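Whatever order the structure lists ligands and atoms in, that order sets their numbers, starting from 1. FYI, the numbering just counts along the sequence from 1. Quick caveat: nothing in here was measured; it's all calculated off a predicted structure.
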Amino acid sequence: MSSNFKAVVINNQNEKFSREIKEIDASHLKDGNVLVKIDYSSLNYKDALILRDGGKIVRKFPFVPGIDFSGKVIESDDSKFKKDDNVILTGFRVGEAYFGGFAQYAKVDSNFLIKTPKELDNKKVMMLGTAGFTALLCAFAVKAREELLLGEKVKEVLVTGATGGVGSIAVMILSKMGYNVHAVTGKKDKNDYLKNLGAKNILDRKEFEGESKLLEKGIWDGVVDTVGGPALTKIFAQTKPTGIVAACGNAGGIKINTTVMPFIIRGVKLWGIDSSAAPITRREFVWNEASKLIDFEKLKSFTNELSFNELLETYPKLLKGEYFGRAIVNPNK
Ligand SMILES: NC(=O)c1ccc[n+]([C@@H]2O[C@H](COP(=O)([O-])OP(=O)(O)OC[C@H]3O[C@@H](n4cnc5c(N)ncnc54)[C@H](OP(=O)(O)O)[C@@H]3O)[C@@H](O)[C@H]2O)c1
């Protein structure tokens with residue numbers, strides 16, 4: 001590699017926060033034992049918080065953000081990875097505590113990486129990115145009901161925050177798995193979009209607001225919840241006996257005010273999803289399933305490819321809820 005490379009650098013000096021596109025020296029890459037030339041990264045909600053002001057997540061400045069990336073191995077101290085291997089990184093506090101993916105190069109711990117499945121490529125994997133990986137983890141958590149209950153079928157599945165990154169990809173995956181997907185959205189103009197992804201039915205977000213009874217009519221065999229808050233309280237009350245609720249997000253709030261009733265009367269299961277710390281074997285499994293479950297032509301139709309300049313123009317829109325679709329970041333654009 002040349003000794004200098006381009007990166008987005010955030011800084012916080014004398015309480016003045018800045019973000020710049022800079023040439024930095026390779027000596028800044030101190031952590032890890034695998035050097036990767038980055039092909040793509042993606043823009044996630046967490047990245048937008050970090051780009052805004054560090055998001056109370058980044059503590060050391062100056063810093064290179066970007067919580068996921070794909071690229072080619074340049075040098076490796078670990079025999080598991082050799083030069084030119086295509087690799088994927090999501091989470092493990094990269095882009096939070098270790099320099100991340102909004103750069104032309106990154107150096108990371110080999111235990112954080114998996115190889116890009118041969119059915120995919122480095123662009124496709126970042127079209128999914130952390131959002132898609134999380135959606136896959138959630139979908140397989142819902143599907144696990146069939147294995148746990150020895151053949152009981154999952155039929156009706158609810159997805160909240162359905163037009164978001166995780167929600168949209170979850171709708172696509174779960175309908176491909178053969179389930180009837182009910183998509184919850186606050187966006188009235190996105191019905192056609194959600195139907196095109198495979199949703200059978202669209203529900204207004206308002207239906208999940210307000211107080212819920214201890215138990216309501218059981219409707220859902222499985223739920224992928226990206227919003228949390230009062231909606232999740234209602235969802236527990238509406239989940240069928242032995243249904244699985246995969247909870248991954250807090251777009252609608254962090255507090256839930258539930259009772260034990262759904263859990264002890266109906267055996268409802270709450271399955272928390274933390275994509276950042278998912279074990280490597282789980283990562284390899286779900287990434288290897290992606291090519292069977294994702295329609296990449298559809299995904300491409302709502303993915304934009306951004307340069308670093310465009311990334312810095314786009315992240316505020318994501319925070320205001322004004323950005324729609326997936327955003328991948330090309331450090332060489
Ligand atoms: N646990 C993990 O490992 C993990 C990984 C990735 C993301 N996440 C979390 O998952 C959530 C979704 O991530 P994302 O990348 O899909 O975000 P996103 O693209 O911003 O989508 C969030 C969606 O939630 C809905 N929403 C927004 N504000 C809401 C509100 N006040 N009440 C109810 N719904 C609201 C909107 O969908 P509609 O307009 O269609 O309703 C929005 O599109 C975030 O909380 C994120 O932090 C967690």
Side-chain angles (χ1 to χ4, degrees), residues 41-52 55-57 67-68 90-96 126-141 158-173 181-195 197 199 201-210 223-235 245-256 270-279 282-283 286 299 302-304 314-328:
S41 178
S42 87
L43 173 59
N44 299 279
Y45 195 80
K46 202 188 253 181
D47 292 314
L49 293 172
I50 291 171
L51 284 168
R52 182 182 64 192
K56 296 201 175 83
I57 301 166
I67 65 165
D68 52 22
T90 65
F92 285 124
R93 306 214 61 220
V94 172
E96 301 177 28
M126 277 303 114
M127 281 158 62
L128 290 169
T130 299
F133 175 53
T134 305
L136 282 159
L137 289 172
C138 290
F140 278 101
L158 187 75
V159 177
T160 60
T163 67
V166 177
S168 295
I169 300 171
V171 169
M172 192 190 274
I173 295 167
V181 179
H182 304 258
V184 183
T185 183
K187 299 188 184 81
K188 291 198 171 51
D189 59 337
K190 293 292 179 225
N191 283 16
D192 288 347
Y193 164 76
L194 290 167
K195 287 256 161 92
L197 291 178
N201 183 26
I202 318 289
L203 297 164
D204 192 322
R205 193 196 283 173
K206 286 205 175 76
E207 290 181 36
F208 293 83
E209 289 171 358
V223 180
V224 173
D225 179 56
T226 72
V227 308
L232 185 53
T233 307
K234 197 174 257 315
I235 283 164
V245 179
C248 72
N250 58 359
I254 56 166
K255 285 217 165 125
I256 45 174
L270 171 59
W271 192 316
I273 301 289
D274 174 12
S275 66
S276 178
R282 197 73 189 147
R283 287 169 191 261
V286 299
L299 183 55
F302 59 92
T303 301
N304 294 312
T314 304
Y315 84 84
K317 295 183 194 146
L318 192 86
L319 292 173
K320 285 189 222 145
E322 289 168 6
Y323 185 81
F324 173 73
R326 290 280 303 141
I328 56 170

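Taking only nitrogen or oxygen atoms, main chain and side chain alike, N250 reaches within less than 3.5 Å of ligand 1. Of the N or O atoms in S276, none lie within a sub-3.5 Å distance of an N or O in ligand 1. In terms of polar-atom proximity, D274 is not counted as a contact of ligand 1, lacking any N or O under 3.5 Å from an N or O of the ligand. Taking any N or O of G165, backbone or side chain, at least one lies under 3.5 Å from an N or O belonging to ligand 1. Of the N or O atoms in V227, none lie within a sub-3.5 Å distance of an N or O in ligand 1.
For atom 39 (O) of ligand 1, the closest non-hydrogen atom of the protein is K187 NZ, 2.8 Å. Nearest protein heavy-atom neighbour of atom 48 (C) of ligand 1: C248 O, 2.9 Å. For atom 31 (N) of ligand 1, the closest non-hydrogen atom of the protein is A251 O, 3.5 Å. In terms of protein heavy-atom proximity, atom 32 (N) of ligand 1 is closest to G252 CA, 3.5 Å. Nearest protein neighbour of atom 41 (O) of ligand 1, counting heavy atoms only, is G186 N, 2.9 Å. Atom 26 (N) of ligand 1 has its closest protein heavy atom at R205 NH2, 3.5 Å. With hydrogens left out, the protein atom closest to atom 10 (O) of ligand 1 is G249 CA, 3.4 Å, a heavy atom. Scanning all protein heavy atoms for the shortest distance to atom 21 (O) of ligand 1 gives G164 CA, 3.2 Å.
Partners of R283 under the side chain to side chain donor-acceptor pair (under 3.5 Å) rule, at least two apart in sequence or in another chain, are T90.
Sparse packing is recorded around CG of D192, with 12 or fewer heavy atoms of other residues, nucleotides or ligands lying under 6.0 Å away.
Using cut-offs of 30° and 60° for the angle between ring planes, the F302 and F324 rings count as tilted.
One side chain, S42 or R326, offers a donor N or O that lies under 3.5 Å from an acceptor on the other. Side chains of K190 and T163: a donor-acceptor N/O pair is absent below 3.5 angstrom, by distance only.
Without hydrogens or angle criteria, T233 side chain to I256 main chain gives no donor-acceptor distance under 3.5 Å. Remark: the backbone N or O of S41 is not paired with any side-chain donor or acceptor of D68 at under 3.5 angstrom. In this structure a side-chain-to-backbone donor-acceptor pair under 3.5 Å is missing from T226 to V166. In this structure a side-chain-to-backbone donor-acceptor pair under 3.5 Å is present from D225 to G228. At distances below 3.5 Å, at least one donor-acceptor pair connects side-chain atoms of D204 with backbone N or O atoms of K206.
Atom 5 (C) of ligand 1 lies below 4.0 Å from at least one non-hydrogen atom of the protein.
When the heavy atoms of T226, I273, D225 are ranked by distance to atom 2 (C) of ligand 1, first place goes to I273. Nearest-residue assignment for atom 23 (C) of ligand 1 (options G161, S275, A247; heavy-atom criterion): G161.
Using a 4.0 Å cut-off between heavy atoms, V166 contacts ligand 1 through both its backbone and its side chain.
Comment: E96 engages R93 in a salt bridge, judged by a side-chain N to carboxylate O separation of less than 4.0 angstrom.
Using 4.0 Å as the threshold, A162 has a heavy atom nearer than that to some atom of ligand 1.
Y323 has its ring centre no less than 6.0 Å from the ring centre of Y315.
In summary, the atoms of ligand 1 found under 4.0 Å from a heavy atom of T185, numbered by their order in the structure, are 38 (P), 39 (O), 40 (O), 41 (O).
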